[in-house]
2 protein chains.
Amino acid sequence: MKVTIRDVAQQAGVSPATVSRVLNKPELVEPATRERVRNAIRVLDFQPNAIARGLSAQNSDTIGLVVPGITDLFFGELYRGIERVSRRAGMKVLLFDAQHSRHRALEGFTFLRQHQVGGIVFTSKLVSEDFDPVLERLGIPVVLALTQATSKTPLHAFKVDDVKAVFDAVSYLVSRGHRRIGMLSGQIEDDITGTLRLQGYRTGLLHYGIEFQASFVENGDYRFDSGYRAMQRLLRRQAENRLTAVFAASDEMAIGAIRCLHDNGLRVPEDLSVMGFDDLSVAHMVVPGLTTVAQPFAEIGERAVDQLLQMRSAEGVHAGATEYLPHRIVERESVQTAPAGAS
Amino acid sequence: MKVTIRDVAQQAGVSPATVSRVLNKPELVEPATRERVRNAIRVLDFQPNAIARGLSAQNSDTIGLVVPGITDLFFGELYRGIERVSRRAGMKVLLFDAQHSRHRALEGFTFLRQHQVGGIVFTSKLVSEDFDPVLERLGIPVVLALTQATSKTPLHAFKVDDVKAVFDAVSYLVSRGHRRIGMLSGQIEDDITGTLRLQGYRTGLLHYGIEFQASFVENGDYRFDSGYRAMQRLLRRQAENRLTAVFAASDEMAIGAIRCLHDNGLRVPEDLSVMGFDDLSVAHMVVPGLTTVAQPFAEIGERAVDQLLQMRSAEGVHAGATEYLPHRIVERESVQTAPAGAS
DNA sequence: TTGAAAGCGCTAACAT
DNA sequence: ATGTTAGCGCTTTCAA
């Protein structure tokens with residue numbers, strides 16, 4: 001049947017332990033024997049059983065990753081960052097797709113725990129108190145990416161400073177002559193990002209002496225369709241609102257908004273400017289190119305794994321902090337300077 | 001430390017074997033004991049170690065998946081299909097990203113083999129003779145998705161009929177009055193899809209009595225940038241070519257082409273019609289909405305796993321066949337009827 | 001219905 | 001430098 005380490009040992013005329021050594025610490029075995037073993041491995045086409053190895057070594061060399069949704073357009077880039085540094089550290093990554101369900105996200109912890117991952121990068125919903133029971137008993141280091149914790153258990157997090165990022169977006173819009181700025185917000189419940197970005201919007205307006213108007217805001221769930229519909233609702237009040245720009249809490253919503261405007265015979269940015277958030281790869285594919293706030297997804301993933309790796313070596317490396325990674329504004333074509341109807 | 005099955009056994013006053021039974025075959029254990037054990041599990045917050053379980057059971061309940069690139073826009077949908085039926089069968093999926101490298105794709109087999117996966121869904125490059133040495137020794141069922149094999153080892157495959165699909169696309173274009181149809185082709189080497197789609201294009205033209213012109217074709221690598229550049233090259237000859245429509249071998253290239261046309265002051269579809277292939281989620285987000293050939297990614301994934309599951313039970317279920325899943329044309333706005341310059 | 005014991009394939013002391 | 005031995009945590013005969 002399957003070729004095991006014993007078969008190799010026999011073939012090479014050594015003990016299984018020696019085979020194991022040439023696999024893991026080749027410097028401990030004499031060159032001659034080493035070659036003999038390597039040869040046997042080749043001849044028999046032996047592949048070490050990673051499962052058995054993990055069991056014995058009490059560690060599966062695996063990082064667990066919980067993502068909100070596998071089809072989210074930012075997933076790929078985030079994964080890349082995570083995979084890159086994991087691989088560099090000789091670890092694999094085990095993926096768990098929460099499918100946008102809070103319940104499934106919680107299940108992710110159980111799943112990954114059962115698979116003996118050495119650490120978990122969690123990138124889904126807000127981690128609130130209801131996660132505490134699970135987190136307490138987990139016994140596995142957890143690092144957050146793209147989200148934050150309000151749970152009792154303090155968790156290290158890597159993300160952009162959402163408030164500042166949207167503040168900067170508002171500043172950008174204002175610097176281009178906009179004052180009547182609408183917002184396509186994310187969800188307020190269940191999602192720290194939604195709250196923070198809305199807050200950034202309000203703070204931005206306040207700073208520039210622009211009054212906040214509830215009627216300028218509609219919210220969605222970050223997806224294209226919800227952006228489309230939110231824009232539609234905003235449009236119904238456009239006669240009174242006279243918005244010159246709309247800031248969306250995600251690129252997908254921004255693109256949904258653009259699509260909606262187009263369907264209503266409005267041009268972007270001539271009739272209305274639209275700005276997004278994320279800088280997904282699609283942002284530069286669409287016409288007009290989307291001006292947006294870029295998040296460094298890959299870097300966030302990398303830093304999260306780095307942190308996990310550090311936590312494994314040194315215990316309790318300043319845990320619980322939220323580290324902000326730099327966002328930046330990417331200027332393309334969806335925002336117009338000096339809009340006609342600026343007040 | 002970690003809670004094991006022995007701790008539970010002790011707590012419940014039974015043997016480890018009994019605990020194992022309530023975990024896997026609860027009907028074999030008396031209700032009273034069962035409850036006692038379940039209670040102990042709850043109290044101790046016991047989580048079975050999937051690694052140990054896999055080692056003992058000689059099977060990791062895992063399906064391996066090799067994808068060409070995690071950032072490919074179709075990845076999400078494909079994964080969903082695969083995950084859905086795996087999960088239904090009580091299996092997990094272990095992902096391997098080939099990062100668009102043939103070499104890495106081959107590594108995927110090794111990686112997954114070491115992890116004792118019960119089957120592999122391979123969705124990357126063309127599987128040619130150079131895969132044979134690996135395939136022969138693998139000893140794990142492999143099913144192809146979105147690709148095909150020219151290797152000696154016969155492999156079951158699920159995909160759309162690329163030739164027919166592009167033939168249908170050409171038919172669609174012709175039915176809309178186009179005869180001067182350009183093509184943004186994929187790669188010819190290293191990728192069965194490129195060859196097949198080009199063939200569909202030629203067959204289509206032939207069928208409608210349109211002469212094939214090499215100067216109407218440019219190729220790329222399916223990505224946005226390459227579509228942009230290929231379109232640029234086509235545009236340089238547009239004075240002579242007088243194309244009224246361009247068919248791209250992927251949505252990304254089609255969108256790149258649209259972007260290119262826009263940058264050159266040409267309108268889609270008024271000045272030139274563009275048609276894509278894939279029906280990615282972005283196809284309906286862009287302006288104009290992309291008319292394209294839809295591939296049932298999720299279904300392809302589902303069928304592939306189904307096949308794998310069958311192969312595990314019944315040995316050698318009609319292996320080696322290529323099963324075509326239905327494509328369909330999705331009409332949006334990027335193709336114009338009765339183009340002005342139609343010959 | 002339950003327990004005892006062996007073993008899955010590997011690693012890691014501990015000897016030699 | 002290499003072999004022996006004892007597990008890692010679970011499942012699975014085989015007995016009782």
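Chain letters run A, B, ... following the sequence lines, proteins first and then strands; every chain starts at 1.
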inquiry  = Both A:Ala17 and A:Leu28 contact DNA chain D. Taking the nearest nucleotide for each, which residue is further toward the 5' end?
reply    = A:Leu28
query = Which part of the nucleic acid does B:Val14 contact within heavy-atom distance under 4.0 Å: base, sugar-phosphate only, or nothing?
reply = sugar-phosphate
message = It should be established whether B:Thr4 places a side-chain nitrogen or oxygen under 4.0 Å from OP1 or OP2 of nucleotide D:dG9.
response = no
note = Taken to the nearest whole Å, CG/B:Asn59 to P/D:dT12 is 10 Å
Rounded distance (Å) that lies between atom C1' of D:dA6 and atom CG of A:Leu55 = 13 Å
ask   = Under 4.0 Å: is that the gap between some side-chain N or O of B:Gln58 and OP1 or OP2 of C:dG9?
value = yes
ask   = Hey, does A:Leu73 have a side-chain heavy atom less than 4.5 Å from the side chain of A:Ser281?
value = no
request  = May I ask you to evaluate whether A:Ser56 reaches the phosphate of C:dT11, defined as a side-chain N or O under 4.0 Å from OP1 or OP2?
outcome  = no
query = How long is the line joining CG of A:Asn24 and P of C:dG9, in whole Å?
reply = 17 Å
query = Given D:dC8, is OP1 or OP2 found less than 4.0 Å from the side-chain N or O atoms of B:Asn49?
reply = no
query = Please give, in whole Å, the distance from D:dT2 C1' to A:Arg36 CZ?
reply = 11 Å
inquiry  = Do the side chains of B:Lys152 and B:Glu129 get close enough for a salt bridge, i.e. N-O under 4.0 angstrom?
reply    = no
query = Between C:dG9, C:dA4, C:dC10, which nucleotide gets closest to the side-chain atoms of A:Ile5?
reply = C:dC10
inquiry  = How many whole angstroms separate atom CD1 of B:Ile51 from atom P of D:dC8?
reply    = 16 Å
key: Given C:dC10, D:dA1, C:dA4, the nucleotide with the shortest approach to the side chain of A:Arg53   = C:dC10
ask   = Considering only side-chain heavy atoms of B:Thr18, which listed nucleotide, D:dT4, C:dG3, D:dG9, is closest?
value = C:dG3
query = For the pair made of CG in A:Leu23 and C1' in C:dG9, what is the distance, rounded to whole Å?
reply = 12 Å
query = Looking at B:Phe131 versus B:Phe122, is the centre-to-centre ring distance below 6.0 Å?
reply = yes
task = Compare side-chain N and O positions of A:Ser20 against OP1 and OP2 of C:dC10 and report whether any pair is under 4.0 Å apart.
result = no
request  = For residues A:Leu138 and A:Phe109, determine if any side-chain heavy atom of one lies less than 4.5 Å from a side-chain heavy atom of the other.
outcome  = yes
Candidate nucleotides C:dC10, D:dG9, D:dT11, ranked by approach to the side chain of B:Ala57 - the nearest = D:dT11
inquiry  = So if I apply the side-chain contact (heavy atoms from CB on, under 4.5 Å) rule between B:Thr147 and each of B:Leu155, B:Ile192, B:Thr123, B:Thr193, which one comes out positive?
reply    = B:Ile192
ask   = Between D:dC10, C:dC8, D:dG3, which nucleotide has the shortest distance from any of its atoms to the side chain of A:Arg21?
value = D:dG3
query = Between D:dT11, C:dA4, C:dA12, which nucleotide gets closest to the side-chain atoms of B:Ser15?
reply = C:dA4
request  = May I have the distance from A:Arg6 (atom CZ) to D:dG3 (atom P), rounded to whole angstrom?
outcome  = 13 Å
task = Before giving the answer on ring pair (Phe, Tyr, Trp, His ring centres under 6.0 Å), spell out for B:Phe75 and B:Phe297 the whole-Å C-alpha distance, their side-chain angles and the decisive distance to 0.1 Å.
result = CA-CA 8 Å; B:Phe75 164 76; B:Phe297 290 108; over 10 Å; no
ask   = Rounded to whole angstrom units, what separation is found between the NZ atom of B:Lys25 and the P atom of C:dT2?
value = 16 Å
